[in-house]
Protein chains: 4
Amino acid sequence: MVKVAIIGGSGYTGLELLRLLARHPGVTVTAATSREYDGKPVSAVFPALAGICPLNFSWPDPARLAGMAELFFVALPHQTAMAVIPALLEAGARVVDLSADFRFRDRAVYEDWYQEHTAPHLLAEAVYGLPELYREAIAAARLVGNPGCYPTSVILGLAPLLREGLIEPHGIIADCKSGVSGAGRGVSLSTLYCEVNDGFRAYKVAGHRHTPEMEQELSRLAEEPLQITFTPHLVPMNRGILATIYATPKKPAAEGEILAAYQRFYHQEPFIRLCPPDTLPNTAAVRGSNFCDLAIRLDKRTLRLIIVSAIDNLTRGASGQAVHNMNLMLGFPETQGLEIVPWTP
Amino acid sequence: MVKVAIIGGSGYTGLELLRLLARHPGVTVTAATSREYDGKPVSAVFPALAGICPLNFSWPDPARLAGMAELFFVALPHQTAMAVIPALLEAGARVVDLSADFRFRDRAVYEDWYQEHTAPHLLAEAVYGLPELYREAIAAARLVGNPGCYPTSVILGLAPLLREGLIEPHGIIADCKSGVSGAGRGVSLSTLYCEVNDGFRAYKVAGHRHTPEMEQELSRLAEEPLQITFTPHLVPMNRGILATIYATPKKPAAEGEILAAYQRFYHQEPFIRLCPPDTLPNTAAVRGSNFCDLAIRLDKRTLRLIIVSAIDNLTRGASGQAVHNMNLMLGFPETQGLEIVPWTP
Amino acid sequence: MVKVAIIGGSGYTGLELLRLLARHPGVTVTAATSREYDGKPVSAVFPALAGICPLNFSWPDPARLAGMAELFFVALPHQTAMAVIPALLEAGARVVDLSADFRFRDRAVYEDWYQEHTAPHLLAEAVYGLPELYREAIAAARLVGNPGCYPTSVILGLAPLLREGLIEPHGIIADCKSGVSGAGRGVSLSTLYCEVNDGFRAYKVAGHRHTPEMEQELSRLAEEPLQITFTPHLVPMNRGILATIYATPKKPAAEGEILAAYQRFYHQEPFIRLCPPDTLPNTAAVRGSNFCDLAIRLDKRTLRLIIVSAIDNLTRGASGQAVHNMNLMLGFPETQGLEIVPWTP
Amino acid sequence: MVKVAIIGGSGYTGLELLRLLARHPGVTVTAATSREYDGKPVSAVFPALAGICPLNFSWPDPARLAGMAELFFVALPHQTAMAVIPALLEAGARVVDLSADFRFRDRAVYEDWYQEHTAPHLLAEAVYGLPELYREAIAAARLVGNPGCYPTSVILGLAPLLREGLIEPHGIIADCKSGVSGAGRGVSLSTLYCEVNDGFRAYKVAGHRHTPEMEQELSRLAEEPLQITFTPHLVPMNRGILATIYATPKKPAAEGEILAAYQRFYHQEPFIRLCPPDTLPNTAAVRGSNFCDLAIRLDKRTLRLIIVSAIDNLTRGASGQAVHNMNLMLGFPETQGLEIVPWTP
């Protein structure tokens, strides 16, 4: 059993890691840290894990942690993450970072959208942890920047089209809708039950920090720099992201030809499901799983392509993808610990 | 007190009419029809109306109904509506039709998207019941085609821009999200609680019948024919539509200039609220009311305009707008019976 | 127009008062206080009230407030409420207090369950603001202690039976279920959307502070001291309380006889609705209104009476009842401003 | 791999069986029947199962089915179930029946509450499938009557107290609250999203068919006939039952003594979790799992015991328990295929 640990274990992505790793046959979780709950049993904080997770939360003491695990999941807020990761790497461990701190190749882009980067020397070696695009590099990486939830849904939706040059790289619109767990477990007025239930709204229009992350990866796929319009929305549900993506085909194409590009690109991917012709993705059909469900429609009247992508923001959009990355890094079968039947109903 | 009646009173739009008219000081509801509940007290079908609505549902017998009201609300499915409306008009009544049957000026468009029109002679006189656009014509009309819920949200969002020629008429995208009551009160697997709750999905991508209705009105505003891309989605909530609309400005403009166009267009409108600069519409802030809340953002990076519009699909998107039309037709103050504080929380 | 003001206007009961009073034809709200939002427009905090409430929140400065209103609604937490109320009364105003501070006749009971009472000299004159029981006293009161939400649902459910001596006063069980707005608008982990949605739980079993309040009023009705078992639960919904109450009839009785007692007790009450025989209360059928819906069933096998009572916790359980009390105190028709059709669907 | 089949696979309990059995290492599902979906891929009906369940639904033809499996799960409505089960047994198969048809030892009780029993000769051999009570008998059984969801929650909550004679057997009240999936996947007005969302209600007060099933098992535990008062309620959530049970201790007891009885009774049970002292069960903490979480409180003022029990109605209350029974019958480890971490958040 390989020893792994979770730095920042008391948020929703930490909880999701605990859930997934508890049933992973190849690893043992040796520590889960939390400043707030230091010393408390994990199961006292998360009663769902009673009888499943025997750990107590511990203080994130780098010196003590260094030797405790071969691989660390860092589920801290950005900025805090890059403060602890260098020491873990120096101690010889490998890291999957769920924050935004190591997702960017270009320090300037990160600093434009976030803040000063305090470990820029690691950016060159960090690998963007989207297995469908960077499988081999992830396997060899010391440091993986686990993708954001919205970028995962959008990049997976567009990758085959941009890679094959089937759509105009400019003018893409990603209208995305997320469940509330994406906002995290921190207390705030805007995520109180009564503030969210039976309502629907957009937020951070034309200003969300996941925009440059999408652009970095989409530009690489297109082999030219591109910008996109991205609008996030909040859905009254716990989990799930649905991305509705609008693009313009470079030349007239039938829906079938477009679909064939997806089949070529994803035909061996264990976590991508292309919906049958009469079905559209539903976040409820991927809930709790690592799947990304995709459907493509051509609006014959306006000649616009509409790509619909559904993921679970906590699993595929965060912790499930992190475990997939861990499987690649540690040489486990890719789907190990992730063979979850989506939660339905 | 003016006598009015509701043909098709047992669906959600019928219920919403009963709710609003029960507190309208100028009218009395003399009949509400329902084949299914014929003879049953309205309050037995809708316990919320106990002590409020003293009517029994009655059979939709045209001969009996003709003399019972000066104005009829027809809340029947399309096709059924146009079968009963001619007789009501011939008997001297006026009609607000909540179905799609009298929303189209061009019979061919209706027949392309719905079915054969059985009362085409009435299309020329029917007025599209969006008060902000057709206030005077509605006041004089014998027959009003009450707008669809999605078209209301989209047309109100785009009218100032198209009227003033500020955006390209081509390439508009309307990504709309609706609560479940939009699907009506008919039983179906797809609207069962467990099929909807904690999920989110698109439906009828590139094929929803509200598309040509939007195009008809947007083309008139633009003074040239246009086509739009429209994607509806289902939100796990009872009421509300949020429309996120993407358009391209004809020439570079500041957000403030765009906003000024909205202020000019809507400055005397009682049911339009332009959000202050730091606020975005939320369906929860208009729930149960006749308001349409609007906000505009310019994505300075992609030079795309993003217009966000929120309405209650049953009130502003159906029955509230129908009552507004009735107020215009009967000479009541426009807001009478509609001074509802949005339901919050 | 009578001037009224709201001390503590930024919680859910404050918001509900603002909603109801905005449409009350006999009063003007001259001030709504909030330390947190001092100086901000009410509509900036509650966008639903844009175009409806023109006030800015103001600092709760007793000296300034004293002359601004004839009647004050105090929607502060308990303990804070009794700190400000004496000054308001001394300045000649009347007060409806929505906290627990003036609901108890017996200072010792209050101090057992809450904390030291700092204005005990006012307890004797304060009237428990349940109009069905204390209509005349409320009309004459200077200070009304507005009932708690759970007690309202339980006392209204049991009053006819205890008053007529039809049930054993001992052994009553009240199993109550509340929407989340009952927990208030303060931020806390336990009321985050993802902590509540798709879950159901009991809380404060055998220890909730509404227990002695129920016992005080039920004992008076029974004319002997009694104790009850009360269990509150949290329902994933915004509004509503359903109380399921178990009692033992003193002697064998038919359901019809029991129901007759309710009809005698409540036959002139505008806000009590006895459900027809085949209907049970649903919180959705009273949402947003001041109604209390009641049904009674006799379990013929176990000879247990089951009383089901439904209210909206924010309206009938707090601010609607407060407006009802205001109507009594100021001589308005009892239902003025409260003729709300329940929000459905 | 042992071959098993599901008769009636298209409801929610069928879907839940498909979910659980898809990941069970010891069995293969050879058939899932559905008259409605005959011939359609399971994944076309349940997109969540795409890539997981390769079956097509098939017609429930007894002759064809007989040889296809060693053990059958029958997830049909009562009455239909007992029509098909005798033939399966005669063909040499074993059966776990999820309907009510084989839960009753006394034919007369069944016929009082349901209808005429058409296979009464099997009642004597059928075993009530609650593993904590009948582990050995289940292992040897040919026919298991899988318990109802409400009875599971209530019997597990009371078993230790009745077995040890710690409470009065008479006067027990079970106030139970269920998620909507308990009503099944059949279309009906009362389970439409908008009819359920943001509401809460009791139903079938003093008349639900799970009452005699609880009484049968509780009477056996108490070793004397008893009757209970049982009130079911509908919660706006997909899954979960919370039972709040009221009982009277036979003699004064401390909470700790009571809790010790539970520890004795359940100390080796893999699916029972006794909550720590400061925690109460939440259906969200058992969602998707086979756990039953229990807490006990003594109301020191009224000397009433309050037992709170939480299960997932589809897993522990139906299909998970059925798989547990299958594990016992086929000699698998009891928890095999059921090591699910509860779905949270």
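Reminder, nothing fancy here: chain letters follow the sequence lines and each chain counts from 1. Below, all heavy atoms of this structure are taken into account, side chains as well, without hydrogens, waters or symmetry copies.
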Bottom line for A/Thr191: the part with an atom under 4.5 Å from chain C's heavy atoms is both

Show the numbers, then the answer: is there a side chain to side chain contact (heavy atoms under 4.5 Å, CB included) between C/Val308 and C/Ile245? CA-CA 6 Å; C/Val308 185; C/Ile245 311 167; over 6 Å; no

Residue pair C/Ile340 / C/Arg19, side-chain heavy-atom distance below 4.5 Å: yes

Side chain, backbone, both or neither: which part of A/Arg185 has an atom under 4.5 Å from a heavy atom of chain C? both

For residues A/Thr211 and A/Trp113, determine if any side-chain heavy atom of one lies less than 4.5 Å from a side-chain heavy atom of the other. yes

For residues C/Phe200 and C/His233, establish whether the separation of their ring centroids is below 6.0 Å. yes

Among C/Ser188, C/Ala183, C/Cys194, C/Gly179, which residue forms the greatest number of heavy-atom pairs with chain A at distances under 4.5 Å? C/Cys194

